[in-house]
Amino acid sequence: MEDVLTPGIQVTSVVRDKTTGHNLVVEVQNKGSDGRAILCQVRLDLDPADANVSEEQFSVLKQSNARRVTVVREILASRLDMNCESRKLPDLTPAFLLTRTEGSKNRFLASLHDHLRDDGVLLSKTTSLQFSSESPTGPIACDLLPVLYGSESEIPDEGNCSIFRERCRSDGGFRGYESSSNGDLTAGVDFDSNAYFSNLKTEVLGNTVIFAEVVTTTMTLFDRLMFLAPKENGLAAIARQQTAGRGRGGNAWISPPGCAMFSLHTRIPLMSRLGQKPPFLQHLMSLAVVEGARSIPGYENIDLRLKWPNDIYYGSHVKLGGVIVNSTVMGGDMHCVIGCGVNVENSVPTCCINDLVRQHNTTFDTSLTPLTCDEVIARSITKLEQLIGAFQDKGCEEVLPLYYARWLHSGVKVSIADQGLLDATIEGLDDYGYLLVSTKHGQRLSVQPDGNSFDMLHNLITLKVQ
């Protein structure tokens, strides 16, 4: 049936209550854009372990959990054409140590020498690293990541050679490996070192790369390493896939192929401008991703935007990526690990940056080339170092005009859910990087990023419960 209040919206019943005949699940379709959504009055998305119910109710829900999953898969597959087949998690793979020069790599390894066990292991509470010039012989454990290095791990003029092969790829890139059935090393997913290092224009950030095809998460690889590596060896961890990616607020981060996924270590002096206002760092990283793409000549009008506090969006309703920052204070420095994931090449289930590039080509009759993950990562890291430098030199006023030019919220009317709904207007960021809103009575409130959420569909800000 067509919604009489919203012409052009087609509503189709999917599931009805047998007793009352009431619709429990409906499909809503916009006939103009062919957009579709499933609306459900039953929490089919909720795992029994997350339901706030009694022990008896939990037992009932657990017994029917397999059917719940089957229903969800059937609805998504039949109504939204989604592939809901179960897939085995990819096997973890070793990492490779890549640097600009052989000297840089040697200094990095020398700084770790006294902290390694005899077998090359740098112990950590989460993910220990085993530095070795020899490939592992068995499966990779989630708490011990081999980091392979060799005499060819620097980037020569013609491009980086494979660490364990005495030949270069014809286009100058670096290949990882996959283990074949007989244990030999075979060509695997590419890390395009030419694209990465040619686009990396930094003094420190991202100069030393730990690259792996598949890891649990890049966020734990620097837990001890960041305190030992020389300052000039700016650490970056890059993965093609993560099996346990981390999002903000304890959320899981889905990491399909085609996403630019990386973690970055940076030191911020506590007494510096940014050290006194650390919430700004996540804003700078989000802005760096957007500017990394939009600053390429011809790509200025690609509609990448910023959603508070740390999301990268296409327009106002499609999320393409996000940022998380963990920090540890030691001595006079704040050691920050910045995690970032942004969808560059994967068009499902929503869209990616290259979809926007293709759309731009169609709309404006241009011939912009698709971006690669390694190019986006390098340009983002470069922009971040520039933005941090500008902030440290002149403060937040130096970067806020560009930030506001890219974000989605100036002057937006919102409701704040805090002991009822409070109507307010977004003004911007306050001096410490918190969201600044003003009420109709002239009251100004600062909303911290940690733990709060912003539902842009309903312009609703839900405050963190203390």
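The model shown is predicted, which means the values in this text are computed figures rather than measured ones. All heavy atoms count here, side chains included; hydrogens, waters and symmetry mates do not.
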| message | Under a 3.5 Å distance rule, please check whether Asp355 uses its side chain to pair with a backbone N or O of Cys351 as donor and acceptor. | response | no

| field | Closest non-hydrogen atom pair, Pro279 against Tyr434 | value | CG-CE2, 3.6 Å

| Atom OH of Tyr404: over 12 foreign heavy atoms under 6.0 Å | yes

| Minimum side-chain heavy-atom gap Val209-Phe197 below 4.5 Å | yes

| field | Test side chain to side chain contact (heavy atoms under 4.5 Å, CB included) applied to Ile296 and Glu375, step by step | value | CA-CA 11 Å; Ile296 303 174; Glu375 181 181 7; 4.2 Å; yes

| Ser198 (side chain) donor-acceptor with Asn194 (main chain) under 3.5 angstrom | yes

| Would you call the rings of His409 and Trp407 parallel, tilted or perpendicular if under 30° counts as parallel and over 60° as perpendicular? | perpendicular

| said: Donor-acceptor pair, distance only, cut-off 3.5 Å: does the side chain of Thr101 make one with the backbone of Ser104? | reply: yes

| query | Backbone N or O of Leu270 within a donor-acceptor pair of the Gln276 side chain at under 3.5 Å? | reply | yes

| N/O donor-acceptor pair under 3.5 Å between Asn233 side chain and Thr208 backbone | no

| task | Side-chain contact test, heavy atoms from C-beta onward, threshold under 4.5 Å: evaluate it for Thr218 versus Phe262 and give yes or no. | result | no

| task | Working to the nearest 0.5 Å, report the span between CG of Asn354 and OG of Ser347. | result | 8.0 Å

| task | Considering non-hydrogen atoms only, spot the tightest contact between Glu134 and Leu148 and give its length. | result | O-CD2, 3.4 Å

| message | Working note: Asp91 + Val214, criterion side chain to side chain contact (heavy atoms under 4.5 Å, CB included); need CA distance, chi angles, decisive distance, verdict. | response | CA-CA 7 Å; Asp91 293 332; Val214 184; over 6 Å; no

| said: Rounded at 0.5 Å granularity, tell me how far OG in Ser446 sits from CG in Leu436. | reply: 5.0 Å

| field | Stepwise salt bridge (Lys or Arg N to Asp or Glu O under 4.0 Å) test for Asp374 and Arg240 | value | CA-CA 10 Å; Asp374 303 316; Arg240 287 294 181 254; 2.8 Å; yes

| So, Arg294 and Glu291, do they make that salt bridge, N to O below 4.0 Å? | no

| Value rounded to 0.5 Å, distance of CD in Gln282 from SG in Cys336 | 11.0 Å

| Polar side-chain atom of Ser132 near backbone of Gly120 as donor-acceptor pair, under 3.5 Å | no

| field | Non-hydrogen side-chain atoms of Leu98 and Phe191 separated by less than 4.5 Å | value | yes

| request: Scan side-chain atoms only and decide if Ser286 and Asn310 contain a donor-acceptor pair under the 3.5 Å cut-off. | output: no

| field | Pair Asp223-Thr127, side chain to side chain contact (heavy atoms under 4.5 Å, CB included): steps then yes or no | value | CA-CA 8 Å; Asp223 284 357; Thr127 305; over 6 Å; no

| request: Count the heavy atoms of every other residue, nucleotide or ligand shown that sit under 6.0 Å from CD of Glu300, and state whether that count exceeds 12. | output: yes

| Taking atom SG of Cys352 and atom CD of Glu345, what is their separation to the nearest 0.5 Å? | 7.5 Å

| message | For Phe131 and Tyr149, I'd like to know if the aromatic rings sit close, meaning centre-to-centre distance below 6.0 Å. | response | no

| query | Between the main-chain N or O of Val204 and the side-chain N or O of Asn207, is there a donor-acceptor pair closer than 3.5 Å? | reply | yes

| task | Can you spot which of Ile238, Val344, Thr382 makes a side chain to side chain contact (heavy atoms under 4.5 Å, CB included) with Ile377? | result | Ile238

| query | Can you find a pair of side-chain heavy atoms, one from Val290 and one from Arg305, that are under 4.5 Å apart? | reply | no

| request: Return the minimal non-hydrogen interatomic distance between Ala195 and Ala378, and the atom names on each side. | output: O-CB, 4.5 Å

| said: For Asn361 versus Ser367, what's the shortest heavy-atom pair and its separation? | reply: OD1-N, 3.4 Å

| query | Checking side chain to side chain contact (heavy atoms under 4.5 Å, CB included) for the pair Leu304/Arg406: CA distance, chi angles, key distance, verdict? | reply | CA-CA 8 Å; Leu304 291 176; Arg406 302 305 189 204; over 6 Å; no

| If you look at every heavy atom in Cys373 and Gly258, which pair is closest and at what distance? | SG-O, 3.6 Å

| query | Mind checking whether Ile302 and His360 have side chains closer than 4.5 Å, heavy atoms only? | reply | yes

| query | Does the side chain of Phe280 come within less than 4.5 Å of Leu429's, by heavy atoms? | reply | yes

| For the side chain of Arg273 and the backbone of Gln392, is there at least one donor-acceptor N/O pair under 3.5 Å apart? | yes

| query | At their closest point, which heavy atom of Ala390 faces which heavy atom of Val399, and how far apart are they? | reply | CB-CG1, 4.1 Å

| query | Atom NZ in Lys383, atom NZ in Lys201: separation rounded to 0.5 Å? | reply | 12.0 Å

| Looking at side-chain heavy atoms only, is the closest gap between Leu281 and Ile388 below 4.5 Å? | yes

| query | Hey, what do you get for CG (Leu129) to CG (Leu116), rounding to the nearest 0.5 Å? | reply | 9.5 Å

| Note, Leu320 side chain near Tyr314 side chain (heavy atom, < 4.5 Å) | yes

| Has Tyr299 got more than 12 heavy atoms of other residues, nucleotides or ligands less than 6.0 Å from its OH? | yes

| task | Quick one: sort the Phe227 and His335 rings into parallel, tilted or perpendicular, breaks at 30° and 60°. | result | perpendicular

